[in-house]
Protein chains: 2
Amino acid sequence: MSTPLPGQSVRGSKTGKPIMALLDLLGRTWSLGIIWNLSNQVLTFRELQSLCDGISPTLLNTRLKELRVTNIIEKTGKGYALTAIGEKLLLLIYPMGDWATMWRDHLIALKGSSNDG
Amino acid sequence: MSTPLPGQSVRGSKTGKPIMALLDLLGRTWSLGIIWNLSNQVLTFRELQSLCDGISPTLLNTRLKELRVTNIIEKTGKGYALTAIGEKLLLLIYPMGDWATMWRDHLIALKGSSNDG
DNA sequence: CAATGTCGCTACATATTTTGTAGCAAAGAG
DNA sequence: CTCTTTGCTACAAAATATGTAGCGACATTG
């Protein structure tokens with residue numbers, strides 16, 4: 001699978017629209033998890049592997065390459081880190097943590113009402 | 001693959017943290033694309049399939065079920081639509097369109113400078 | 001009622017992706 | 001040199017996605 005880049009035809013859209021390339025990239029297994037784990041910390045290959053619940057090194061390396069050529073993460077002397085633009089993307093992902101908490105409560109409420117009703 | 005739910009152990013995390021369930025859910029092929037295409041419009045199964053570049057009906061139905069049991073989308077008389085909470089999630093995804101445009105320009109600039117330097 | 005078309009969705013074989021495990025070369029510590 | 005850690009590759013097995021065919025329900029036309 002080739003790395004999705006804005007301006008090119010990607011899985012899910014042939015328009016070349018940047019958002020479609022991003023959706024393809026982030027929609028790949030573990031992409032979001034890797035970015036999330038890289039928030040505020042530089043991690044080595046093995047640390048990242050461990051935090052991503054033992055993702056296979058094969059796939060981790062594949063994703064790392066994709067995220068590097070798309071300039072979302074970079075390799076530093078200490079390990080992998082988000083780039084400046086990657087940090088900005090993370091700022092957009094962060095609020096999802098709050099949404100997810102609300103979502104959990106919502107699902108619990110629905111479950112409760114379906115049991116009651 | 002079971003549907004990731006907040007409060008449960010999911011692919012990528014055994015903590016049950018809501019964000020991890022969300023990352024697992026959205027990280028699956030086509031999830032983000034389906035949600036994106038459902039912005040401001042109710043779509044039939046086949047319309048959705050067409051907009052998602054011919055996604056196989058098998059997988060589309062699998063994703064649709066996952067998104068329905070997690071209450072992000074719902075089936076209406078007219079077709080599939082985002083739920084109220086699904087709309088809120090979309091509001092968080094929207095800004096990624098702008099980010100992606102900036103990202104494209106950034107990548108073009110990098111490419112240019114690497115050619116020059 | 002019969003013929004035609006659309007729609008939601010299932011079946012299933014094939015293709016692609018992900019996992020899991022093993023392990024190697026390089027770098028640092030003693 | 002030995003021991004340990006690290007980044008990463010190999011590769012077979014398992015899981016997931018694709019592509020195509022097509023069924024039953026329903027609406028339209030006549």
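Just so it is clear, the model here is predicted, and its values are computed rather than measured. We name chains A, B, ... by the order of the sequence lines, and we start the count at 1 in each one. For the numbers below, each heavy atom of this structure counts, side chains included, while hydrogens, waters and symmetry mates do not.
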Does any non-hydrogen side-chain atom of A:L51 lie less than 4.5 Å from one of A:Q41? yes
Check: B:T70 and B:L22 side chains under 4.5 Å, non-hydrogen atoms: no
Gap between atoms CZ and P, on B:R28 and D:dT16 respectively (whole Å): 8 Å
Going by side chain to side chain donor-acceptor pair (under 3.5 Å), name the residues that satisfy it together with B:T44, two or more places apart in sequence or in a different chain. B:E47
Does D:dG7 have OP1 or OP2 under 4.0 Å away from a side-chain N or O of A:N61? no
Detail all sub-3.5 Å separations between protein N/O atoms and N/O atoms belonging to nucleotides 20-28 of chain D.
none

To check you understand the geometry: which heavy-atom pair defines the closest contact between B:P18 and B:P6, and what is its length? CA-CB, 3.7 Å
List in chain and number order the residues that pass side-chain contact (heavy atoms from CB on, under 4.5 Å) with A:P57, two or more places apart in sequence or in another chain; answer none if no residue qualifies. A:F45, A:Q49
How many whole angstroms separate atom CG of A:L43 from atom P of D:dT6? 12 Å
Contacts of A:T76 that satisfy side-chain contact (heavy atoms from CB on, under 4.5 Å) - sequence neighbours left out: A:V42, A:E74, A:K78, A:A81
Expected list for residues 67-82 of chain A near DNA chain C, using heavy atoms below 4.0 Å, is none
Please state how far atom CG in B:L59 lies from atom P in D:dA15, giving the value in whole angstrom units. 17 Å
Pairs where residues 91-102 of chain B contributes a residue and the test salt bridge (charged side-chain N to carboxylate O under 4.0 Å, His left out) is met, not counting sequence neighbours: none
Angle between the two end axes of the helix from C:dC1-D:dG30 to C:dG30-D:dC1, five base pairs per end, rounded to 10 degrees? 30°
For chain B, the stretch of DNA chain C it reaches, first to last nucleotide, under 4.0 Å of its heavy atoms: C:dC7 to C:dC12
Applying side-chain contact (heavy atoms from CB on, under 4.5 Å), name anything that partners A:S50, two or more places apart in sequence or on another chain. none
Determine yes or no for a side-chain-to-main-chain donor-acceptor pair under 3.5 angstrom, with A:N37 supplying the side chain and A:G33 the backbone. yes
Identify, with sequence neighbours excluded, every residue that meets side-chain contact (heavy atoms from CB on, under 4.5 Å) alongside A:S39. A:L90, A:Y94
Quick check: closest heavy atoms across B:P95 and B:L91, and the distance to 0.1 Å? CD-O, 3.1 Å
Starting from C1' on D:dT18, measure out to CG on B:L60 and report it in whole angstrom. 13 Å
Expressed as a whole number of angstroms, how long is the span from A:I55:CD1 to D:dA15:P? 17 Å
Between D:dT16 atom P and B:D24 atom CG, what is the distance in whole Å? 11 Å
Between side-chain atoms of residues 62-69 of chain B and protein atoms elsewhere (two or more places apart, or another chain), which donor-acceptor pairs fall under 3.5 Å?
residue	atom	partner	partner atom	Å
B:T62	OG1	B:T58	O	2.9
B:R63	NE	B:T29	O	2.7
B:R63	NH1	B:E66	OE1	3.2
B:R63	NH1	B:E66	OE2	3.2
B:E66	OE2	B:R28	NH1	3.0

Does anything in residues 54-78 of chain B form a ring pair (Phe, Tyr, Trp, His ring centres under 6.0 Å)? List the pairs, not counting sequence neighbours. none
